[in-house]
Amino acid sequence: MNGPPSSLIVRAIGVSRQFTMPAGPVTAVRDVTLEIGAGEHAAIRGPSGCGKSTLLHMLGCVDSPTAGTLLFDGQDVSSLSDAARSRLRLRQIGFVFQRFFLLPMLTAAENVELPQAEAGAARDDRTRRTRELLEFVGLGARSDHRPSQLSGGEMQRVAIARALANRPRLLLADEPTGELDQSTGEQIAALLDRVNADGTALVIVTHDGVLADRARRVLMMKDGRIERESTR
Amino acid sequence: MKALGFAWRSLVRQPARAALGILGVAAVGALLFDMLLLSEGLVTSMRDLLDRTGYDIRVTATEALPGRGPRVTGASGTADALGALPHVRSAIAIRLADARLEGDGGVPLQVGFQGVAGGPGRPWTVLRGRDVQRPGEVVINEGIAGQRGLGPGDRMIFRPACDAESDAPPAVTLEIAGVAEFPFEAVNEGIAAGMLETIDTACGTGGRDEADLILVASTGDTDAAAAAAAALRPDLHAVTNSEVIERFSESGFTYFRQISAVLSAVTITFALLLITVLLTVSVNQRLGEIAALRALGLSQQRVVANVFCESALIVGAGGLLSLPLGILLAVWLDRILKSMPGLPAEMHFFVFQADALVLQVALLATTAVLAALYPMRIVARLPIAETLRNEVVS
Ligand SMILES: Nc1ncnc2c1ncn2[C@@H]1O[C@H](COP(=O)(O)OP(=O)(O)OP(=O)(O)O)[C@@H](O)[C@H]1O
Ligand SMILES: [Mg+2]
């Protein structure tokens, strides 16, 4: 499971995240040590409020640990500027959200193109890559449709295509099937399997046992800690 | 997609909000533009009027306004002497009086009466008939011609009101040589003009040879001509048109400028608040989306630029609309203000000036920037993880 160092993407060492609240500090993640390697397929499970999303956000460099060290590609994320962290996310990490968060005024293709344009990809490359991605998620014929013209499952597929736009090494998904019915959820799960099969490391936070069971590695969290870990 | 294109999409996504913002800015911008036109309009119009008379220096006995102070004595001689000075093309003495025009059984008409001496040239332009050539002849303006149905060759009976102290002189009959246009005539105002002798005779002050002012036209160098006039008659006051305008803008016109500055500030503040509120509300509705874009790697600069571009688009579109609107409004307001009696017909309160346009653009651009500051700050400081979480929890 733990490959050679070069295949390590992200490494959390004794990471904690505490929130200062008026009623006193809340510790969402406690002393978590974890490594995600290239091409891995991991699921994080656990009761509501156990710190899954908080951990995922730290792995995705949108939140910083209040204690411990987070290394992305061997680099200490806390030493990076906001701009450098944005660049890192743009090129190395993809995010899929429970609520999709597609831009409603853009078409499916434009939504997928957006991160590529931000990364400075040439127009032709963007068009080609976008077509390829929409084909990959099975929406080749819907590229000119707005999110409002798509079903929930279709929106999530566009969101997955968008997350893959810049060929990230790591795809993070927080309850990607949370808003979908069971069969649509299964289609999304199958799509994510294909993403992983193509070599992208996958970390999925989910309550959905079926979705979690597809992962090779399942991390059970409780009270901010990784309580148990199982591998298939 | 560039920030501007992106902002455009965001705008048309909420057409009602965009329309509200653009129309608000258009209305405020129109008002602002009019305020700017008003602040200098009267001065500009006054300068234009004075320049159009063709005379750039006014000589009076004292600093008092013509007709309000003592008269220049030896008026014809003084006008001739001034006219002969270097740098001077023409000098004309003018005596002003009021008169009542007796009608054919109708209501008497109050008119202004001017008598001139010196030359060459006359401070009016003949439209029909011919110019005055001898005493006893007058030219009348369209105000009299229209209201009394008089024209060249007709006669009319005048009852002059010359000085407060003297007894009312008897009526005189004058012959109309032509119809002329006077630079300062007000709408419906009646003006008649002839030679200085004509007014002297009518007032029974023959031989006094007094004038209320002498108009001097330079050959081009106004200051040299004014200096020559002052040297010739140090007892008189020679004032150039620009000095008149300066004096006006220092006194009376400052009110316009102050009122316009205060109202401009109020309107701009209103636009600022409107755009800030619209953008803030819209940004707050899209926090989840913005946090998601940030998570996907869009830079802070980029999302901030989007907000700024939205502000620029709203203010830009509104600002463009505000110009035709402002001009229409100015024409309308000008018409209302000009219906005040006694104002020269060619006087305007709202006058288009390139400076005003530049200032308008600068003020609106500043508004666009300031209005975007607060929503840009919200976006810049957006905590990504917390926002993503709140969007799901709520
Ligand atoms: N921004 C925040 N401010 C304050 N408390 C927070 C914040 N984010 C998370 N928490 C707290 O940290 C704990 C873990 O939250 P987190 O969202 O990571 O849980 P979760 O496992 O994802 O739960 P769920 O399955 O319901 O999404 C919770 O007690 C939560 O209240
Ligand atoms: Mg969660």
Side-chain angles (χ1 to χ4, degrees), chain A residues 17 19 28 48-49 52-58 60-64 81-107 110-111 113-119 123 126 146-148 159 162-166 168 172 174-175 178-179, chain B residues 1-19 21 279 282-307 309-310 313-314 376-394:
Chain A
R17 179 65 165 103
F19 296 100
S48 182
K52 306 182 292 293
S53 296
T54 306
L55 178 60
L56 191 80
H57 288 151
M58 288 191 289
C61 306
V62 292
D63 198 5
S64 305
S81 67
D82 185 82
R85 230 178 285 185
S86 290
R87 265 197 306 279
L88 176 79
R89 291 195 298 268
L90 183 67
R91 294 172 188 282
Q92 310 270 16
I93 305 171
F95 266 99
V96 174
F97 313 97
Q98 181 176 344
R99 296 240 164 127
F100 328 133
F101 289 131
L102 294 175
L103 297 187
M105 70 285 195
L106 303 185
T107 62
E110 286 166 338
N111 268 289
E113 266 193 51
L114 195 63
Q116 302 174 63
E118 178 76 6
R123 179 181 284 267
R126 286 190 333 238
R146 304 260 165 128
S148 58
R162 174 178 70 174
L164 296 173
N166 290 324
L172 303 173
D174 197 344
E175 305 280 6
E179 306 260 312
Chain B
M1 195 177 300
K2 293 275 159 8
L4 206 60
F6 194 85
W8 169 251
R9 293 292 195 85
S10 309
L11 266 190
V12 295
R13 164 182 171 189
Q14 295 172 306
R17 172 181 71 106
L279 286 177
S282 148
V283 156
N284 280 332
Q285 284 170 347
R286 289 182 281 158
L287 290 180
E289 259 169 61
I290 297 167
L293 289 179
R294 292 282 282 123
L296 286 165
L298 267 71
S299 67
Q300 188 187 46
Q301 272 170 321
R302 170 66 200 261
V303 290
V304 167
N306 287 342
V307 175
C309 287
E310 270 190 58
L313 278 178
I314 293 178
M376 282 192 326
R377 195 182 113 117
I378 295 178
V379 170
R381 298 197 166 183
L382 190 68
I384 306 171
E386 190 182 329
T387 309
L388 287 173
R389 188 176 167 277
N390 288 344
E391 287 289 318
V392 178
V393 172
S394 62

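Side chains included, hydrogens not; waters and symmetry mates left out as well; all remaining heavy atoms used. Protein chains get the first letters and strands the later ones, always in sequence-line order, with residue 1 at the start of each.
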Problem set entry | Which portion of A:L172 sits near chain B, non-hydrogen atoms under 4.5 angstrom | neither
Seminar exercise, completed: Heavy-atom closest pair (A:L103 atom, A:L114 atom, distance to 0.1 Å) is CD1-CD2, 3.7 Å
Exercise. Of all heavy-atom pairs between B:L287 and B:T387, which one has the smallest distance, and what is that distance?
Worked result: O-CG2, 3.6 Å
Exercise. Can you say whether B:R286 sits under 4.5 Å from chain A via the side chain, the backbone, both, or neither, judging by heavy atoms?
Worked result: neither
Exercise. Counting heavy-atom pairs under 4.5 Å to chain A, which of B:E386, B:Q301, B:R294, B:Q300 comes out on top?
Worked result: B:R294
Exercise. B:R17 versus B:E310: any side-chain heavy-atom pair under 4.5 Å?
Worked result: yes
For this session: Pick whichever of A:I93, A:D174, A:L90 has the most heavy-atom pairs under 4.5 Å with chain B.
Result: A:L90
Exercise. Using the ring of each side chain (for Trp, its six-membered ring), is A:F101 parallel, tilted or perpendicular to A:F97, with breaks at 30° and 60°?
Worked result: perpendicular
